[in-house]
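If you read the sequence from its start, that first residue is 1, and numbering goes on from there.
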Amino acid sequence: MDLFTRCSYCNTAFRVTTRHLQASGGQVRCGRCEEVFDAFASLTAKPPGQNSRPADNGGQPAVVRP
């Protein structure tokens, strides 16, 4: 199942996996603005709307590792 989240800083939508979220405790780095945000805060199973642009990096955020 695809899951989606949205950067709380620049509003870019990303596809995420449970593996991404488990590896980082939900903390991911936006591929567009480089800010770290909590992916759980806007997690949804619904794909982003047609007006949303996917991230330049293929729609994948970078997992933040300790």
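- For Ser42, the side chain to side chain donor-acceptor pair (under 3.5 Å) partners are Thr5, not counting sequence neighbours.
- Judged as a side-chain contact (heavy atoms from CB on, under 4.5 Å), and not counting sequence neighbours, the contacts of Tyr9 are Cys7, Cys33, Glu35, Phe37.
- In this structure, Arg29 contributes its side chain and Glu34 its backbone to a donor-acceptor pair below 3.5 Å.
- Here CZ of Arg15 is found 10.5 Å from NE2 of His20. Values are rounded to the nearest 0.5 Å.
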Next item on the list: Please assess Gln27 against Asp38 for the test side-chain contact (heavy atoms from CB on, under 4.5 Å), listing each intermediate value before the final yes or no.
Entry: CA-CA 5 Å; Gln27 296 297 300; Asp38 179 6; 3.5 Å; yes

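- Only one option out of Thr17, Val16, Thr44 pairs with Leu3 in a side chain to side chain contact (heavy atoms under 4.5 Å, CB included); it is Val16.
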Next item on the list: Before giving the answer on side-chain contact (heavy atoms from CB on, under 4.5 Å), spell out for Leu43 and Phe4 the whole-Å C-alpha distance, their side-chain angles and the decisive distance to 0.1 Å.
Entry: CA-CA 6 Å; Leu43 192 64; Phe4 301 90; over 6 Å; no

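- Considering every non-hydrogen atom in both Cys30 and Phe14, the closest pair reads SG-CZ, 3.5 Å.
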